[in-house]
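All remarks here apply to the structure that follows.
The residues of the chain are indexed from 1 along the displayed sequence.
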Amino acid sequence: MKMVIKKILGTTAIVVGSAAVAGVTTYALMEQQQQTVVTVKPESSFTMPVAMFGNKDGGQPVDLTVAAENSLHAVVHIKSTQLGKTQTVTQMPDLFDFFFGDGMGRQQQIKSQPRVGFGSGVIISEDGYVVTNNHVIDGADEIDVKLNDNREFKGKLIGTDPNTDLALIKIEGDDFPTISIGDSEALKVGEWVLAVGNPFNLTSTVTAGIVSAKARTLGVYNGGIESFIQTDAAINQGNSGGALVNARGELVGINAVLSSPTGAYAGYGFAIPTSIMTKVVDDLKEFGTVQRAILGISGHDLGDDRTKDKDLGTVEGVYVAEVTDGSGAKAAGIESGDVIVKIAGKKVHNMAELQENIAKHRPGDEVKVTVMRDKKEKTFDVTLKNMQGNTEVVKRFDLDMLGAAFQPISDDVKRHLGVSYGLQVTGVDKGKFAQAGIKKGFVILKINGTKITSEEDLANVLKSANQSPERVLFISGYYMSGRRANYAVDLSDVG
């Protein structure tokens, strides 16, 4: 399963679709790649320069067999299954409904077919923790993991982070083959790497190439964190979640995106660096959710139309367009019009590098941010905060914390209350609902302005609310008596 960037001549579009359970992203670029064909006459002789593959003075070796052997057995095949579900669909009302019915349209139950998707993953610990892409297992009810030696296990989802397209799952056992985690920041453009995946449920496959670029932003994660390693090692659909490995056999990235006009390999692949992966994995293991630190600025790279006519004293960095009130950047003294040029003493060339550096930290960490202001460097000590504007640990908010049971409302309840959707509270125990005064039988219609038709809708709204600065649920609905009721559920004391 692979997130794909498509090049379509003459058009520019971003399309998000679905291939089985996994999300498949397509991205259209306007430029047409020109091909150069070089013909070598049969009688001509050609000697491969030694420098292309290394040299006798310690250059990078062409023999990558050790690196392949170190990584093959740690890469697994992942099958994600979304079971068929029965959904109630309300059709648009017709004349018959208006004259002989309730005017609300007829309802029909539709059962969807099971959907199956495939991808790859990487075992990072002997006790069975496996890293993959979020889009590989997104929406899965069942996760099956098959090792390179054909052993099969059921996978348990530990946590996901859609903002970085990473997920962590666990298989039960010990002494699993692993791969050591390397330093993606030490990678150099031109360095040899291997792309290892298990896309076909056979055994792991290996392709080789070089690092073409670093800190690439593609815009495929809808505002998420992107700082991709670009490589020309062949990456195809089904390689999502596989390993990008350096010549020493160390994991330096998780393969996530390919660029292609056809959906198959055409020269460009992109991987999430281990500098981002390591911190996300640590958070998911410890907290169940990512402790995301934010600097508190919005801005853009230098050199575009918004800054090309300004003399800012530097040609590289991130231009600060706005500073968020209550953020660490605001408190430290960073201002609109500054250009961020360093984080913790390390140069920042663009927004992707800035995101990658901040993504390694947790709320409460203090970092030195160097800016160019009035063509002079100034350094600020910034205490990073979370989305809520504080430094507290945010825990994963599960439905269990509400202390209630739910079920979609029946047709009888819909007719009785005159509604076309809703989620009924079938039981209340100790938890947030009991504290707010919500009773058994209450029918939830909306939470924070979002229609609620299923537990999945409820879980999504809870997750969004828990990550918002307000951390509150505004719930509206009806009791069976027809009495309308509204509640506010405070989440601020969770975590």
### Query
Which pair of non-hydrogen atoms, one from Ser240 and one from His135, has the smallest distance, and what is that distance?
OG-NE2, 2.8 Å
### Task
Give a yes-or-no answer on whether the side chains of Tyr221 and Asp165 include a donor-acceptor pair shorter than 3.5 Å.
yes
### Message
Here's one to test your reading of the geometry: is the NZ or CZ of Lys285 within 45 degrees of the ring axis of Tyr129 and under 6.0 Å from its centre?
### Response
yes
### Query
Looking just at side-chain N and O atoms, do Ser227 and Glu356 make a donor-acceptor pair shorter than 3.5 Å?
yes
### Basic-acidic side-chain contact under 4.0 Å: Glu185, Lys360
yes
### Task
Flag the pair Leu491 / Leu473 as yes when at least one side-chain heavy-atom distance between them is below 4.5 Å, and no otherwise.
yes
### Task
Would you check, one step at a time, whether the test salt bridge (charged side-chain N to carboxylate O under 4.0 Å, His left out) holds for Lys154 with Asp144?
CA-CA 5 Å; Lys154 288 292 183 182; Asp144 296 288; 2.7 Å; yes
#### Entry: Full working for ring-ring contact (aromatic ring centres under 6.0 Å, His included) between Phe433 and Tyr487
CA-CA 9 Å; Phe433 269 33; Tyr487 298 95; 8.1 Å; no
#### Entry: His416: partners by ring pair (Phe, Tyr, Trp, His ring centres under 6.0 Å), with sequence neighbours left out
none
### Query
Between Lys451 and Asp457, does at least one N-O distance fall below 4.0 Å, as a salt bridge requires?
no
### Task
Evaluate the ring-ring contact (aromatic ring centres under 6.0 Å, His included) criterion for residues Phe176 and Phe153: first the C-alpha distance (whole Å), next the side-chain angles of each, then the deciding distance (0.1 Å), finally the verdict.
CA-CA 12 Å; Phe176 288 111; Phe153 299 86; 5.2 Å; yes
### Query
With distance as the sole criterion, is a donor-acceptor pair present between the side chains of Ser410 and Asp412 under 3.5 Å?
no
#### Entry: Gln291 versus Arg362, side-chain donor and acceptor atoms under 3.5 Å
no
### Task
Compute both the distance and the angle, then confirm whether Arg216 meets the cation-pi test with Phe228: under 6.0 Å from the six-membered ring centre, within 45 degrees of the axis.
no
### Task
Please assess Asp161 against Arg292 for the test salt bridge (charged side-chain N to carboxylate O under 4.0 Å, His left out), listing each intermediate value before the final yes or no.
CA-CA 10 Å; Asp161 182 34; Arg292 176 139 294 123; 2.7 Å; yes
### Query
Is the closest side-chain heavy-atom distance between Val413 and Met480 below 4.5 Å?
yes
### Query
Do NZ/NE/NH1/NH2 and the carboxylate oxygens of Lys279 and Asp283 come within less than 4.0 Å?
yes
### Message
Within the 3.5 Å criterion, strictly below it, is a donor on His73 or Ser204 matched to an acceptor on the partner's side chain?
### Response
no
